[in-house]
Colleague: 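I have a structure I would like to understand better, so I am pasting it below and will then ask my questions one at a time.
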Amino acid sequence: MEQLVQLADTVAEVIVSTNDKVIAQQFEEFSDVKNLRLVERPEALCLSTTKVQDLIDYVPTVVEGEHIFWLHATSPFVDERDYKEALDIYSSRVINAAENDSIMSVNKLQQFIWDDATKRVINCDREVNPWPNTQDLAPLYEINHAFYISSRDNYLKLRDRIGQNPVLYEMTGIKKTDIDWEDDFEVAQNLLDTYERSRKL
């Protein structure tokens, strides 16, 4: 929330969607920011069995803007500087130039990727060179879910939070940290001092 408040002047509104009472109480600390809004998410969309597609379909029902910036609280070291840079890129390459139709955050993978179903390395031609240098491999990109920026039209027409030609916003270093499990949370806590030091540089 402290990071999002830094964006309040550059977006139409900031919406927090949750069913968690503790989070709702924490939101009250920021109630003086005029364009913040708390939306109580339906219980059916807060279960471990909830389909991501159902969440994607839900977003345009609570967001009125022409463009939607969806970010996750599970990427703690992605901050307002990244968000602002992503908004600038989106404005430049999607809205103004129409070179792309959305943007999403990714981690670049340039390692040998093994597919156990087909029993092969899938990102190089091993008949040409079985073990090329990793820096010569064609990169793959892991979608890390830190954020997505896309148009309302994409949500409604494609039923997706990205378009068909997204800009890839590449994360590096500590910013790739994503919290899915309790172990991830503990690792993130241990990295907090490193993150705080990096922000002061």
Colleague: Has the side chain of Asn123 got a donor or acceptor atom that lies under 3.5 Å from a matching backbone atom of Gln111?
Modeller: yes

Colleague: Hydrophobic cluster membership, with links at side-chain heavy-atom distances under 4.5 Å among I/L/V/M/F/W/Y: are Trp70 and Val63 in one?
Modeller: yes

Colleague: As a quick check of understanding, evaluate side chain to side chain contact (heavy atoms under 4.5 Å, CB included) for Tyr195 and Asp79, giving each step before the final call.
Modeller: CA-CA 10 Å; Tyr195 168 72; Asp79 58 30; 3.3 Å; yes

Colleague: Hey, would you say the Tyr169 and Phe147 ring centroids sit under 6.0 Å apart?
Modeller: yes

Colleague: So, Thr118 and Asp115: side-chain donor and acceptor under 3.5 Å apart, yes or no?
Modeller: yes

Colleague: Show the nearest heavy-atom pair for residues Thr74 and Pro76, with the distance to one decimal.
Modeller: O-CD, 3.3 Å

Colleague: Please name the pair of heavy atoms, one in Ile113 and one in Leu140, separated by the smallest distance, quoted to 0.1 Å.
Modeller: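 It is CG1-CD1, 3.7 Å.
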
Colleague: Any ion pair linking Arg152 and Glu66 (charged N to carboxylate O, less than 4.0 Å)?
Modeller: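 Arg152 and Glu66: not salt-bridged.
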
Colleague: Under a 3.5 Å distance rule, please check whether Lys119 uses its side chain to pair with a backbone N or O of Asp116 as donor and acceptor.
Modeller: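 Present.
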
Colleague: Can you name the nearest heavy-atom pair linking Asp20 to Thr18, along with the distance?
Modeller: N-OG1, 3.0 Å

Colleague: Does Glu182 have more than 12 heavy atoms from other residues, nucleotides or ligands lying within 6.0 Å of its CD?
Modeller: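 Atom CD in Glu182 is not packed in, count stays at 12 or less.
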
Colleague: Can you check whether Ala146's main-chain N or O pairs, donor with acceptor, with Ser105's side chain at less than 3.5 Å?
Modeller: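 The answer is yes, because a donor-acceptor pair under 3.5 Å joins these two groups.
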
Colleague: Would you sort out whether Leu158 and Gln164 count as a side chain to side chain contact (heavy atoms under 4.5 Å, CB included), showing the intermediate values?
Modeller: CA-CA 9 Å; Leu158 303 177; Gln164 296 173 324; 4.2 Å; yes

Colleague: Check whether any side-chain heavy atom of Leu36 lies under 4.5 Å from a side-chain heavy atom of Glu13, and answer yes or no.
Modeller: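 The answer is no; the side chains never approach within 4.5 Å.
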
Colleague: How long is the straight-line distance from CD of Gln3 back to NZ of Lys84, given to the nearest 0.5 Å?
Modeller: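 The distance works out to 11.0 Å.
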
Colleague: Judged by atom type as modelled, is there a donor-acceptor pair below 3.5 Å linking the side chain of Ser102 to the main-chain atoms of Ile162?
Modeller: no

Colleague: Give a yes or no on whether the backbone of Gln135 and the side-chain of Asn133 come within a donor-acceptor separation of less than 3.5 Å.
Modeller: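 No, Asn133 side chain to Gln135 backbone: no donor-acceptor pair under 3.5 Å.
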
Colleague: Between Lys21 and Glu40, is any pair of side-chain heavy atoms under 4.5 Å apart?
Modeller: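 Contact flag for Lys21/Glu40 side chains = yes.
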
Colleague: Looking only at atom types and distance, does a side-chain atom of Asn96 sit under 3.5 Å from a main-chain N or O of Ser91, one as donor and one as acceptor?
Modeller: yes

Colleague: Looking at Asp184 and Asp180, would you say the former's side chain and the latter's main chain have a donor-acceptor pair under 3.5 Å?
Modeller: yes

Colleague: To the nearest 0.5 Å, what is the distance between CG (Asn107) and NE2 (His145)?
Modeller: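 Going from the CG atom of Asn107 to the NE2 atom of His145 covers 10.0 Å.
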
Colleague: Would one find more than 12 heavy atoms of other residues, nucleotides or ligands at under 6.0 Å from atom CD of Glu64?
Modeller: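 Check fails, neighbour count at 12 or below.
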
Colleague: Asn190 and Glu186: side-chain donor and acceptor closer than 3.5 Å?
Modeller: no

Colleague: Does Val78 offer a backbone N or O that forms a donor-acceptor pair with the side chain of Ser75 under 3.5 Å?
Modeller: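 Here the side-chain-to-backbone pair does not exist.
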
Colleague: Do the side chain of Thr10 and the main chain of Leu7 share a donor and acceptor less than 3.5 angstrom apart?
Modeller: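 Indeed, once roles are kept as given, a pair shorter than 3.5 Å links the two residues.
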
Colleague: Taking all heavy atoms of Asp32 and all of Glu29, pick out the closest pair and write down the distance.
Modeller: OD1-O, 4.0 Å

Colleague: With a 4.5 Å cut-off on side-chain heavy-atom distances among I, L, V, M, F, W and Y, is there a chain of contacts connecting Phe69 to Phe30?
Modeller: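 Yes, Phe69 and Phe30 fall within the same hydrophobic cluster.
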
Colleague: When hydrophobic residues are tied together by side-chain contacts of less than 4.5 Å, even through go-betweens, does Tyr148 share a cluster with Val52?
Modeller: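 The answer is no; the residues belong to distinct hydrophobic clusters.
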
Colleague: When hydrophobic residues are tied together by side-chain contacts of less than 4.5 Å, even through go-betweens, does Val59 share a cluster with Leu156?
Modeller: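 Result: no, two separate clusters.
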
Colleague: How many angstroms lie between CD1 in Ile149 and CG in Asn100, if you round to the nearest 0.5 Å?
Modeller: 12.0 Å

Colleague: Do Leu4 and Val14 have side-chain heavy atoms sitting under 4.5 Å apart?
Modeller: yes

Colleague: Under the 3.5 angstrom rule, does the side chain of Lys176 hit a backbone N or O of Met171 as a donor-acceptor pair?
Modeller: no

Colleague: Would you please test Arg159 and Asp57 for side chain to side chain contact (heavy atoms under 4.5 Å, CB included) and show each step?
Modeller: CA-CA 6 Å; Arg159 293 186 65 206; Asp57 292 340; 2.4 Å; yes

Colleague: In this structure, are over 12 heavy atoms from other groups packed under 6.0 Å from Phe185 atom CZ?
Modeller: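 For Phe185, atom CZ is not crowded (no more than 12 foreign heavy atoms under 6.0 Å).
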
Colleague: Measuring from Gln6:CD to Met1:CE, what's the distance to the nearest 0.5 Å?
Modeller: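 Gln6 CD to Met1 CE: 11.0 Å, rounded to 0.5 Å.
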
Colleague: Can Asn154 and Ser150 be counted as having a side-chain donor-acceptor contact under 3.5 angstrom?
Modeller: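 The answer is yes; a qualifying pair exists.
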
Colleague: Return yes if a side-chain donor-acceptor contact under 3.5 Å exists between Arg41 and Ser17, otherwise no.
Modeller: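 Yes - a donor-acceptor pair under 3.5 Å links their side chains.
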
Colleague: With rounding to the nearest 0.5 Å, note down the distance linking OG1 in Thr177 to CD1 in Ile179.
Modeller: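 Between atom OG1 of Thr177 and atom CD1 of Ile179 there are 8.0 Å.
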
Colleague: I need the single residue from Met104, Arg93, Arg161 that forms a side chain to side chain contact (heavy atoms under 4.5 Å, CB included) with Pro166. Which is it?
Modeller: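 Of all the options given, the one that passes is Met104.
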
Colleague: For residues Gln53 and Ile56, determine if any side-chain heavy atom of one lies less than 4.5 Å from a side-chain heavy atom of the other.
Modeller: yes

Colleague: Relative to Trp114, does Arg120 satisfy both conditions: NZ or CZ under 6.0 angstrom from the six-membered ring centre, and within 45 degrees of the ring's axis?
Modeller: no

Colleague: Please determine, by modelled atom types, if Glu43 and Asn19 share a side-chain donor-acceptor pair under 3.5 angstrom.
Modeller: yes

Colleague: Atom OH of Tyr90 and atom CD1 of Ile103: how far apart are they, to the nearest 0.5 Å?
Modeller: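 If we round to the nearest 0.5 Å, Tyr90:OH and Ile103:CD1 are 9.5 Å apart.
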
Colleague: Which heavy atom in Ala188 sits nearest to a heavy atom in Phe77, and how many Å separate them?
Modeller: O-CZ, 3.3 Å

Colleague: Walk me through whether Asp160 and Tyr155 qualify under side chain to side chain contact (heavy atoms under 4.5 Å, CB included).
Modeller: CA-CA 5 Å; Asp160 207 343; Tyr155 276 81; over 6 Å; no

Colleague: Could you pull out the closest heavy-atom pair between Leu45 and Thr50, with the gap in Å?
Modeller: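 Between these two residues, the closest heavy atoms are C-OG1, 3.4 Å.
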
Colleague: Indicate yes or no: at least one non-hydrogen side-chain atom of Asn129 is less than 4.5 angstrom from one of Asp125.
Modeller: no

Colleague: In terms of hydrophobic clustering (I, L, V, M, F, W, Y; side-chain heavy atoms under 4.5 Å; direct or indirect links), are Leu71 and Ile15 co-clustered?
Modeller: no

